[in-house]
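Structure record follows, encoded as structure tokens.
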2 protein chains.
Amino acid sequence: MTAETQGLKEVGLKITLPRVKILNILAAESVRHVSAEDIYKILLEKNEDIGLATVYRVLTQFENAGLVSRHHFEGGHSVFELSPEHHHDHIVCIKCGHVEEFADPDIEARQKDIAKRLGFELTDHDLNLYGFCADCR
Amino acid sequence: MTAETQGLKEVGLKITLPRVKILNILAAESVRHVSAEDIYKILLEKNEDIGLATVYRVLTQFENAGLVSRHHFEGGHSVFELSPEHHHDHIVCIKCGHVEEFADPDIEARQKDIAKRLGFELTDHDLNLYGFCADCR
DNA sequence: CTAGTTGCAAATCATTTGCACTTGC
DNA sequence: GCAAGTGCAAATGATTTGCAACTAG
């Protein structure tokens, strides 16, 4: 049993072809931060017979299971990535869509302070920076 | 001429009934952070004959003109608010939807550093914290 | 076997657009 | 008066759902 199928079993999902295929795509080094549509296109290119609806269903199941994270970027497009072991935020190029990750302990710490000060019990957060990347500016 | 109509004129938009009505709603103390649908409902309650399409068009124009800011919160819903004189971010209660604003100079500064380090020309950013507010925890 | 899963097409939701009609200046 | 603005209905794009067929355990 591979690491992927192991992960599926752990979250109580049957090990099916579509799920494994999608998990493999998410795990591919080259394609961090993909949209559902992206995944669907990649599957088509590989001549896999998997419907777009299934892609969405599987991604949603993975998200609920905590296997993947969903991010809503500006311009109304969502991307998915395998849940990182270590939290990070994103900076997105508004021209070419290129995404870089970053993590900043100071920012994280300040966020906790702020939530505390305002009486919130923090469960999650979303920080996205937008601009032109080195190639597009 | 009121402050609102003044604002419209400054950004080169004709002073029309729908625009003034929508601006008034956005300016109302009680309704910071409204969705397009919210505004449409408020207009209906006031028996104003303004279409949802117009609400979207007007909000988009306002956004382009810099009069209002659009925020994409989790769960795929967008909210609008009058552009604040001073930038701030948001913390949102995932149970009751209550929104508080905050600003943190340190975080802002770190963001600029990060963008610079990654070679981005920063144009915008979006920071949202999610959790349970004091009343819902 | 049989509950969970899938593919497909149709449905839904938020938002946008085409177009004939109206209004602000 | 006329360009800009609007209402409505139809179009769009992303995502969800109903349902009969299929498959993993």
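Note on naming: letters A, B, ... go to the chains in the order of the sequence lines (proteins, then strands), and numbering restarts at 1 for each one. Everything numeric in this text was worked out from a predicted model, so none of it was measured.
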Between P of D/dA14 and CD1 of A/I39, the distance in whole Å | 14 Å
Residues B/H90 and B/E100: side-chain donor-acceptor under 3.5 angstrom = no
Picking from C/dG7, C/dT17, C/dT15, which would you name as closest to the side chain of B/S78?
-> C/dT15
Which nucleotide in the set C/dG24, D/dG25, D/dT15 lies at the smallest distance from any side-chain heavy atom of A/I15?
-> D/dG25
Whether A/D38 side chain and A/S35 backbone form a donor-acceptor pair below 3.5 Å = yes
Which whole-number value in Å describes the distance from A/L59 CG to C/dT5 P?
-> 15 Å
Given atom CD of A/E37 and atom C1' of D/dA14, what is their separation to the nearest angstrom?
-> 8 Å
N/O (side chain, B/Y56) to phosphate O (OP1/OP2, C/dT15) under 4.0 Å | yes
Provide, to the nearest angstrom, the distance between the NZ atom belonging to B/K14 and the C1' atom belonging to D/dA4.
-> 4 Å
Is any side-chain nitrogen or oxygen of B/T54 closer than 4.0 Å to OP1 or OP2 of D/dG5?
-> no
Given atom CG of A/D38 and atom C1' of D/dT15, what is their separation to the nearest angstrom?
-> 15 Å
Hey, quick one: are B/L129 and B/F132 part of the same hydrophobic cluster, counting side-chain heavy atoms closer than 4.5 Å, chains of contacts allowed?
-> no
The answer to which of B/F80 and A/Q61 contacts DNA chain C further toward the 5' end, by nearest nucleotide, is A/Q61
Of the nucleotides D/dG5, C/dT5, C/dT17, which has the atom closest to the B/T16 side chain?
-> D/dG5
Counting only distance, no hydrogens or angles, is the base of C/dG7 paired donor-acceptor with the side chain of A/R57 under 3.5 Å?
-> yes
Distance in angstrom units between A/N64 CG and C/dG4 P, rounded = 16 Å
Check: B/R110 side chain, A/D104 main-chain N or O, donor-acceptor pair, under 3.5 Å = no
Calculate the interatomic distance between B/R70 atom CZ and C/dT15 atom P; express it in whole Å.
-> 7 Å
Identify, between B/L17 and B/A36, the residue whose nearest nucleotide on DNA chain C lies closer to the 5' end.
-> B/A36
Got a salt bridge between A/R32 and A/E101, using NZ or NE/NH1/NH2 to carboxylate O under 4.0 Å?
-> yes
Report the nucleotide, chosen from C/dC25, C/dA9, D/dG25, that has the shortest atom-to-atom distance to any side-chain atom of A/A53.
-> C/dA9
Answer yes or no: does a side-chain N or O of A/R19 lie under 4.0 Å from OP1 or OP2 of C/dT6?
-> yes
Whole angstrom is fine here: how far is it from CD1 in B/I50 over to P in C/dT22?
-> 17 Å
Per atom distances to the B/T60 side chain, the nearest of C/dT5, C/dT16, D/dT16 is C/dT16
